[in-house]
2 protein chains.
Amino acid sequence: MDTRTQILDVAQALVQTIGANAMSYQHISEAVGIRKASIHHHFPTKEALIDALIERYSERFFGVVDQIVAGRKTAVHKLRDYIGLFEGTLRDGAQDKACAMGMLGAEVRTLGEAAADRVSQFYAQNERRLSTILDEGRRDGTLRFEGASPAMAGLIFSLLEGAMLVSRGRNDVEHFRVVSDQLLKLIRS
Amino acid sequence: MDTRTQILDVAQALVQTIGANAMSYQHISEAVGIRKASIHHHFPTKEALIDALIERYSERFFGVVDQIVAGRKTAVHKLRDYIGLFEGTLRDGAQDKACAMGMLGAEVRTLGEAAADRVSQFYAQNERRLSTILDEGRRDGTLRFEGASPAMAGLIFSLLEGAMLVSRGRNDVEHFRVVSDQLLKLIRS
DNA sequence: GTCTATATAGAGATAGAC
DNA sequence: GTCTATCTCTATATAGAC
């Protein structure tokens, strides 16, 4: 694996566990096995590293999400799969990882302009995908809820980000499943 | 106002906007108008400052929450008031502030043990209060939902924390209201 | 592309005068 | 209780050899 990828992998894992502000070149240097100065060859500044990390994370995430949305399952199954992405992140590896974009959302006032914009877009685009699934659920009869789909999509996305945050804070990964199961109880036909 | 209180006020506002890791004695020093060294007289370490901040924040928060819970309104109105606490924080002051405990939740892996414990307790205690309101709502007939009250309480708390995070990330405070209104549409009788 | 060496800034923290 | 002065450590970043 090339060094650039290794750096991004380590940096992303650090963002997902301790956040961008607590992440340092020293951390990355030790984990990758190169000197701090060498990181600057691949990413001239920390801001550039974070920007690159966000771009890759978004691209990958929507790659998976769009596959779910375009699939042939019923809407409620698509929603389950979507929720599974978040739960999978929480259960990924030894350390419980948060959504990188959730962590950066908390730190958004300390990010550069480009990064802050991308975080905002990530949220809006997730809600758009969710809204599509919800509309489909009303059509195929697998989902039922009061209110408009975009508002419900906003609720679901905030809920999933919040549940990751709270589950980690409680040191109880299972809490995420309790909450997401409760969501499905509310909107499943 | 005494210096200790001023320091706590500034530190709390900083945690709520940029987070504990981005907050420095330099920031506090400038805002309060004393030297960095003087802060150490009141709080020997940053960890002690954060611990004190958390204790005060929790105490104040539950002071208000318990008044809401103990009031004579219907459960749905109590829930509205509870949600209003979060929205009020978001709209407090010029800068949009997050819940201090939400910010610290994101940073929980970088906190000391005492602080991490208190964050965890804050979450659990909020859910307990919410569960009480939800039980009451089923009794007084103002709330209706599938599933158990503790699970629903977990959902609501994660939702509110997540909605604050996402609303700030989207740079759209109104988003919080859209989401919280949608919640009420789902569970109001 | 990675290294050593270094620059510069800022962090949290301490000692001791007033 | 606040100050000046200083310490130590770590942060991001750069220069230039290999």
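Naming: A, B, ... by sequence-line order, numbering from 1 per chain.
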Peer 1: Hey, does the Lys NZ or Arg CZ of B:R138 hover above the aromatic six-ring of B:F145, less than 6.0 Å from the centre and inside 45° of the axis?
Peer 2: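 The answer is yes; both the distance and angle limits are met.
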Peer 1: Within residues 44-52 of chain B, find the residues that approach DNA chain D with a heavy atom at under 4.0 Å, and present them sorted by residue number.
Peer 2: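 Contacts with DNA chain D under 4.0 Å: none.
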Peer 1: Can the ring centres of A:F61 and A:F86 be said to be less than 6.0 Å apart?
Peer 2: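 When the ring centroids of A:F61 and A:F86 are compared, they turn out to be within the sub-6.0 Å range.
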Peer 1: Donor-acceptor check, side chain of B:E87 to backbone of B:F176, threshold 3.5 angstrom: yes or no?
Peer 2: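 No, because the side chain of B:E87 does not come within donor-acceptor range (under 3.5 Å) of the backbone of B:F176.
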Peer 1: Keeping to residues at least two apart or across chains, list the ring-ring contact (aromatic ring centres under 6.0 Å, His included) pairs with something in residues 95-121 of chain B.
Peer 2: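 Sorted pair list comes back empty.
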Peer 1: Looking only at non-hydrogen atoms, find the nearest pair between A:V119 and A:M101 and report the distance.
Peer 2: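 Between these two residues, the closest heavy atoms are CG1-O, 4.2 Å.
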Peer 1: Could you tell me whether B:E113 and B:R118 make a salt bridge, using a distance below 4.0 angstrom between a side-chain N and a carboxylate O?
Peer 2: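 Answer for the salt bridge query: no.
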Peer 1: Could you work out, with side chain to side chain donor-acceptor pair (under 3.5 Å) as the rule, every residue matching A:D9, not counting sequence neighbours?
Peer 2: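 For A:D9 the side chain to side chain donor-acceptor pair (under 3.5 Å) partners, ignoring immediate neighbours, are A:R56.
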Peer 1: What is the distance from NE2 of A:H40 to C1' of D:dT14, rounded to the nearest Å?
Peer 2: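 So the NE2-C1' distance, A:H40 to D:dT14, works out to 8 Å.
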Peer 1: Would you mind reading off the distance between A:H41 atom NE2 and D:dG16 atom P, rounded to a whole angstrom?
Peer 2: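 The distance from NE2 of A:H41 to P of D:dG16 comes to 17 Å, rounded to the nearest Å.
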Peer 1: Please tell me whether A:D2 and A:T5 have a donor and an acceptor in their side chains that are separated by less than 3.5 angstrom.
Peer 2: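 Yes - a donor-acceptor pair under 3.5 Å links their side chains.
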Peer 1: B:H42: which residues meet the ring-ring contact (aromatic ring centres under 6.0 Å, His included) condition with it, sequence neighbours left out?
Peer 2: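 ring-ring contact (aromatic ring centres under 6.0 Å, His included) check on B:H42 returns nothing, list empty.
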Peer 1: Write down the atom of A:M164, the atom of A:C99, and the distance for their closest heavy-atom approach.
Peer 2: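 The answer is CE-N, 3.5 Å.
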Peer 1: Between residues 108-117 of chain B and DNA chain D, which residues have a heavy-atom gap below 4.0 Å?
Peer 2: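 Contacting residues: none.
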Peer 1: In residues 3-37 of chain A, which residues come under 4.0 Å of DNA chain C by heavy atom?
Peer 2: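 Here the set is A:T3, A:I34, A:R35, A:A37.
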